[in-house]
Each structure stands twice: as C-alpha cells, then as structure tokens.
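Worksheet: the structure to be examined is printed underneath.
Note that the coordinates shown come from a computational prediction; the quantities given were computed from them, not determined experimentally. By convention in this document, chain letters (A, B, ...) are assigned in the order of the sequence lines, proteins followed by strands, and residues within each chain are numbered from 1.
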Amino acid sequence: NAGVTQTPKFRILKIGQSMTLQCTQDMNHNYMYWYRQDPGMGLKLIYYSVGAGITDKGEVPNGYNVSRSTTEDFPLRLELAAPSQTSVYFCAHQERKGSNTGELFFGEGSRLTVL
Amino acid sequence: QKEVEQDPGPLSVPEGAIVSLNCTYSNSAFQYFMWYRQYSRKGPELLMYTYSSGNKEDGRFTAQVDKSSKYISLFIRDSQPSDSATYLCAMARSGNTGKLIFGQGTTLQVKP
C-alpha cells in the first residue's frame, strides 16, 4: 500500500453534507499531499503539508480544509459537499532530506460521489 | 492553454511493439519531469524521473526531455500486456517536487 492508508475507499454523499477523508502514513515522512482526479483527467493538487502543524493550499483548495496535528495523519475535510467534488481523492507522502527530491508514494484512493 | 498537454488516447498496440508517449508544456520554469503509471482503480506509481534535459533509461523504458521544445517523451520497448495502464506525465518547478502538474494521462492497451 506504499506505506499510506486511505479511508473510506468509497462514499456517496448528499449535497450539503460534510465528511472527512482519512490518510495515514507509516513511513515517518514529513511531506504529505492531497490530490483529486476527475474522470479521464490528470491529478490536481488540493492541499499539502511540509510537516506537523504546517499546511498550504494547492491548485484547487476551494471547498476543502486540512489539518496536520501529527506526522502520520493528514485528513481532508469536505464542508457542504457539491456535485463538483465528485472525484477520486489520492493522498501521497514524500521524504525530503535537504535538496533531495524524494518520490511521491500514492495511496489507492477514495472514491467520492456527491448526489 | 493548459500548462501540460497530453494526448489521452486510447492507444492500442500489439505485444512487442515500441510505444511512444508524449507531453508538451508551456511553463519554462519546470525543472523536474516524471512519468507515472496508473493501473485501473489504483494510485499512480512513479515510473521514470528526470531532472532538466536529457535521456534516462531503465530497462525497457526510456524518458526524454527536450526543454528547448518543451516536449517530453516516454518510450516503451518490447511492450507487454502487463504494460496496459494509464501513463501520466507530471512536472514540477524547483523547490517542492511534490507539487506536481499532471497531464491528463494516456491509456495504453497492449494486446497479446
């Protein structure tokens, strides 16, 4: 599982509901990311974190929130779900040491449908 | 104009064929170029990684970057049915190489 676990794997939400996608990594890596992938499209960065207590926006952050209280966990919260948030959500982690550019390890994804 | 353009295919080839996958990009600030492979209903996995221009070879896979033309390629030699997947190009500026800009992916099917 590339050292990262995402839950739930599938979820159907009604418009206006809220939910949290969970992501946990066991590699003790500092950098973590949330991407979304719409059907037939590439991935887009939602939020990322460079360490516990530090988060920043990516390319498509609207409608989402994140927190990073521990190195292991990086949950993604959807407030007031909208049909446009129907997508597959991928969490990823990355080791960074100085100027080294580490590989991104992706989870298997959480498939969310908003009806 | 999208920052990264990739022909979505689908691309169907017979086993043993040479496959060429390509991406173009518009942002000259990109320094890191990657190819990810994504099997159906799985997360992407890193296949090839190149910094700046040049070629890189790993077994049956060769990645090429031409920064002057803003064009990158992935070649697969002696393609196998197990190569059937979606191939995503991705790029990053210097600084945070986890902040990737992806192409939309090319779906490849290798027929036995």
### Task
Side chain from CB out, backbone as N, CA, C, O: work out which of these in B/Leu46 comes under 4.5 Å of a heavy atom of chain A, or both, or neither.
both
### Query
Does one hydrophobic cluster hold both A/Phe106 and A/Met32, with members joined at side-chain heavy-atom distances below 4.5 Å?
no
### Query
Looking at B/Gly43, B/Ala92, B/Cys89, which one has more heavy-atom pairs under 4.5 Å with chain A than the rest?
B/Gly43
### Message
When you group the ILVMFWY residues by side-chain heavy-atom contacts below 4.5 Å and let the links chain together, are A/Val50 and A/Tyr47 in the same group?
### Response
no
### Query
Tell me, side chain or backbone of B/Pro8 under 4.5 Å from chain A's heavy atoms, or both, or neither?
neither
### Summary
Okay, B/Gln38 and chain A: the region with an atom under 4.5 Å from a heavy atom over there is side chain
### Query
Given side chains that start at C-beta, do those of A/Gln94 and B/Thr97 come closer than 4.5 Å, heavy atoms only?
yes
### Task
Establish whether A/Val60 and A/Phe90 are linked, either directly or via other cluster members, by ILVMFWY side-chain heavy-atom contacts under 4.5 Å.
no
#### Entry: Over 12 non-hydrogen atoms of neighbours within 6.0 angstrom of NZ in B/Lys67
yes
### Message
To check you understand the geometry: which heavy-atom pair defines the closest contact between B/Lys99 and A/Tyr33, and what is its length?
### Response
N-CE2, 4.0 Å
### Message
Can you tell me if A/Ile12 has over 12 outside heavy atoms packed within less than 6.0 Å of its CD1?
### Response
no
### Single-linkage hydrophobic cluster, 4.5 Å side-chain cutoff, B/Met91 and B/Leu47 together
yes
### Task
Go through the atoms of B/Tyr36 and report whether side chain, backbone, both or neither lie under 4.5 Å from a heavy atom of chain A.
side chain
### Task
Only one of A/Glu108, A/Lys9, A/Arg111 passes side chain to side chain contact (heavy atoms under 4.5 Å, CB included) with B/Arg41; say which it is.
A/Arg111
### Query
chain B heavy atoms under 4.5 Å from A/Glu59: which part of the residue, side chain, backbone, both or neither?
side chain
### Query
CE of A/Met41 to CZ of B/Phe102: how many Å apart, nearest 0.5 Å?
13.0 Å
### Query
In terms of hydrophobic clustering (I, L, V, M, F, W, Y; side-chain heavy atoms under 4.5 Å; direct or indirect links), are B/Leu21 and B/Tyr25 co-clustered?
yes
### Query
Which atoms of A/Phe105 come close to chain B, meaning under 4.5 Å heavy atom to heavy atom: side chain ones, backbone ones, both, or neither?
neither
#### Entry: Top of B/Gln104, B/Glu45, B/Lys42, B/Gln6 for chain A proximity - count of heavy-atom pairs under 4.5 angstrom
B/Gln104
### Query
Which residue, A/Leu45, A/Leu104, A/Leu43, forms the side chain to side chain contact (heavy atoms under 4.5 Å, CB included) with B/Leu100?
A/Leu104
